[in-house]
2 protein chains.
Amino acid sequence: MKLSDGVEWGVHCAALLAVIPAGTVLPGKALAEYHGISESYLVKHLQALTAAGILISIPGPKGGYRLARPAAEITVLAIVDAIEGRDSAFRCAEIRQRGPAALEPAVYRLPCPINATMLRAEMAWRKSLRAQTVADLVGGLAKRADQRAVEKTLAWLQERLRG
Amino acid sequence: MKLSDGVEWGVHCAALLAVIPAGTVLPGKALAEYHGISESYLVKHLQALTAAGILISIPGPKGGYRLARPAAEITVLAIVDAIEGRDSAFRCAEIRQRGPAALEPAVYRLPCPINATMLRAEMAWRKSLRAQTVADLVGGLAKRADQRAVEKTLAWLQERLRG
DNA sequence: ATATCCTGGATATTTGCAATCCATGATTTT
DNA sequence: AAAATCATGGATTGCAAATATCCAGGATAT
């Protein structure tokens with residue numbers, strides 16, 4: 001069981017987009033360069049975030065990405081859902097309905113308790129992720145950030161911001 | 001993100017092994033046949049469960065598998081860990097340390113808040129799974145089982161039990 | 001001795017993720 | 001109008017892990 005790298009990329013990008021001035025955007029190229037990751041692959045995930053209504057994209061020169069709503073209203077779960085999909089990690093194959101002791105399908109209308117247990121655990125996972133917003137992350141990042149890192153980031157952003 | 005099918009197989013097998021009489025065992029072939037799944041692949045997972053101390057295996061004729069301890073003392077989490085491994089689903093690649101705004105590694109001694117958030121969610125997932133035992137699952141299965149299914153299973157087990 | 005069963009390794013096969021490339025369309029600048 | 005910049009979406013490739021099978025070797029009961 002493994003989350004795709006795109007989740008980490010998406011959350012980091014959202015956190016960076018949360019600190020740029022209102023009215024400005026960052027192109028995908030800049031987001032990839034800032035994080036030292038593949039540009040062509042990152043934009044795939046940025047597209048997913050845009051389709052999910054988490055980001056807004058502007059085409060053309062002076063184009064790029066920005067958050068679609070305040071960082072405090074974007075949960076980490078929303079980003080994970082957009083990139084990983086909403087399928088549960090556990091996919092019940094209903095093997096209880098197979099084999100020599102199986103009966104007709106109508107008998108199995110009640111959900112398998114094993115499936116229910118796994119889904120309950122995923123609900124707990126989702127609840128935890130839903131309790132964290134991008135704004136929370138930015139706060140955490142800022143609190144433990146070295147002052148030089150902040151300045152270095154701001155200086156770098158200066159030449160990439162659009163709008 | 002997807003859990004391997006082996007998890008479902010392992011939990012179902014543990015549930016079945018929880019209801020066979022004390023002192024008896026079931027061979028891997030019977031466990032695979034009962035669930036209508038691949039025998040050669042299932043035994044791989046049964047080996048993992050044995051190595052984890054969840055099952056005990058007996059070689060030779062009259063051999064097979066049985067639970068290593070009471071079903072009430074085997075959590076679903078233990079089975080998941082044995083089959084999926086204990087690696088977290090989120091693997092922080094520390095991309096905050098990459099790119100043009102990065103500083104020397106010593107600056108990043110404190111854990112990344114994004115990583116912390118993801119790990120906290122996995123803790124909630126694990127806590128939920130740790131709260132469920134195989135005995136709980138058997139209880140749930142029995143309560144909603146059709147009486148004919150129980151009889152059919154018992155009759156089928158009659159000819160496969162060893163010991 | 002023989003038959004049965006677990007063990008562990010070697011080996012395909014398949015799936016999904018990671019990554020790249022390109023043609024297209026939108027928008028700003030010149 | 002032309003050129004440059006950027007997002008979009010599809011096609012394709014490479015790769016690692018999960019899935020699945022097979023077989024030789026060791027243990028045990030009949």
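What you are looking at is a predicted structure, and each value in this text was computed from that prediction instead of being measured. Excluded from the calculations below are hydrogen atoms, water molecules and symmetry mates; all remaining heavy atoms, backbone and side chain alike, are included.
Distance Ile56(B) CD1 to dC6(C) C1': 14 Å, rounded to the nearest Å. Whole-Å rounding puts the Leu55(B) CG to dC5(C) C1' distance at 15 Å. The NZ atom of Lys2(A) sits 11 Å away from the P atom of dA18(D) (whole-angstrom rounding). A straight line from NE2 of His45(A) to C1' of dA18(C) spans 8 Å, rounded to a whole angstrom. Rounding to whole angstrom units, CG of residue Leu3(B) and P of dA17(D) are separated by 17 Å. One can place CG of Leu161(B) at 13 Å from P of dC5(C), the figure rounded to the nearest angstrom. Separating the CE atom of Met1(A) from the P atom of dG16(C) is a distance of 17 Å, rounded to the nearest angstrom. Between the CG atom of Asp5(B) and the C1' atom of dA17(D) there is a distance of 13 Å, given to the nearest Å.
Ala131(A) approaches Asp136(A) most closely through the heavy-atom pair O-OD2, 3.8 Å. Residues Trp156(B) and Pro100(A) come closest through the heavy atom pair NE1-CG, 3.1 Å. In terms of heavy-atom proximity, Leu42(A) sits nearest to Gly28(A) at CD2-O, 4.1 Å. The heavy-atom pair separating Ala68(A) from Ile56(A) by the smallest distance is CB-CG1, 3.7 Å. The two atoms that bring Tyr108(B) and Arg96(B) nearest to each other are O-NH2, 3.3 Å, heavy atoms only.
Distance check, rounded to the nearest 0.5 Å: CG of Leu26(B) to CG of Leu157(B) gives 6.0 Å. Between the CG atom of Leu119(A) and the CE atom of Met123(A) there is a distance of 8.0 Å, given to the nearest 0.5 Å.
In terms of the ring pair (Phe, Tyr, Trp, His ring centres under 6.0 Å) criterion, Phe90(B) has no residue partners (sequence neighbours excluded). The side chain to side chain contact (heavy atoms under 4.5 Å, CB included) test applied to Thr117(A) returns Arg120(A), Val76(B), Leu129(B), Gln132(B), Leu137(B), not counting sequence neighbours. Applying the side chain to side chain contact (heavy atoms under 4.5 Å, CB included) test to Leu141(B) and every residue at least two apart in sequence or in another chain returns Pro113(A), Ala15(B). For the side-chain hydrogen bond (donor to acceptor under 3.5 Å, both in side chains) test, no residue two or more places apart in sequence or in another chain qualifies with Thr50(A). For Ala52(B), the side chain to side chain contact (heavy atoms under 4.5 Å, CB included) test picks out Ile54(B), Ala82(B), with sequence neighbours left out.
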Review item, nucleotides 3-5 of chain D N/O atoms under 3.5 Å of protein N/O:
unit_1 : atom_1 : unit_2   : atom_2 : d
dT5(D) : O2     : Pro61(A) : N      : 3.2

Are there any protein N/O atoms within less than 3.5 Å of an N/O atom in nucleotides 9-15 of chain D, and if so, which ones and at what distance?
unit_1  : atom_1 : unit_2   : atom_2 : d
dG9(D)  : N7     : Gln47(A) : NE2    : 3.3
dG10(D) : N7     : Lys44(A) : NZ     : 3.3
dG10(D) : O6     : Lys44(A) : NZ     : 2.2

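A rotation axis mapping the C1' atoms of four pairs onto the next four is fitted at both ends of the helix from dA1(C)-dT30(D) to dT30(C)-dA1(D) over five pairs, and the angle between these axes is 10° to 10 degrees.
Counting non-hydrogen atoms under 4.0 angstrom, Leu46(A) reaches nothing in the nucleic acid.
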Under the criterion side-chain contact (heavy atoms from CB on, under 4.5 Å), I'd like the reasoning laid out for Val107(B) against Gln97(B): C-alpha separation, chi angles, the key distance, then a yes or no. CA-CA 9 Å; Val107(B) 174; Gln97(B) 299 190 29; over 6 Å; no
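At dG16(C), none of the side-chain N or O atoms of Ser4(A) fall inside 4.0 Å of OP1 or OP2 (strictly under the cut-off). Residue Ser57(B) has no polar side-chain atom (N or O) positioned under 4.0 Å from OP1 or OP2 of dC5(C).
Taking a 4.0 Å limit (strictly below) on heavy-atom distances, residues 77-86 of chain A does not reach DNA chain D anywhere. Taking every heavy atom of residues 22-41 of chain B and every atom of DNA chain C, pairs under 4.0 Å involve Pro27(B), Gly28(B), by number.
Applying the salt bridge (Lys or Arg N to Asp or Glu O under 4.0 Å) definition to pairs two or more places apart or across chains, those involving residues 66-88 of chain B are Asp81(B)-Arg126(B). The list of salt bridge (Lys or Arg N to Asp or Glu O under 4.0 Å) pairs with a residue in residues 13-30 of chain A, not counting sequence neighbours, is empty.
Residue Glu104(A) places its CD atom among more than 12 non-hydrogen atoms of other residues, nucleotides or ligands, all under 6.0 Å distant.
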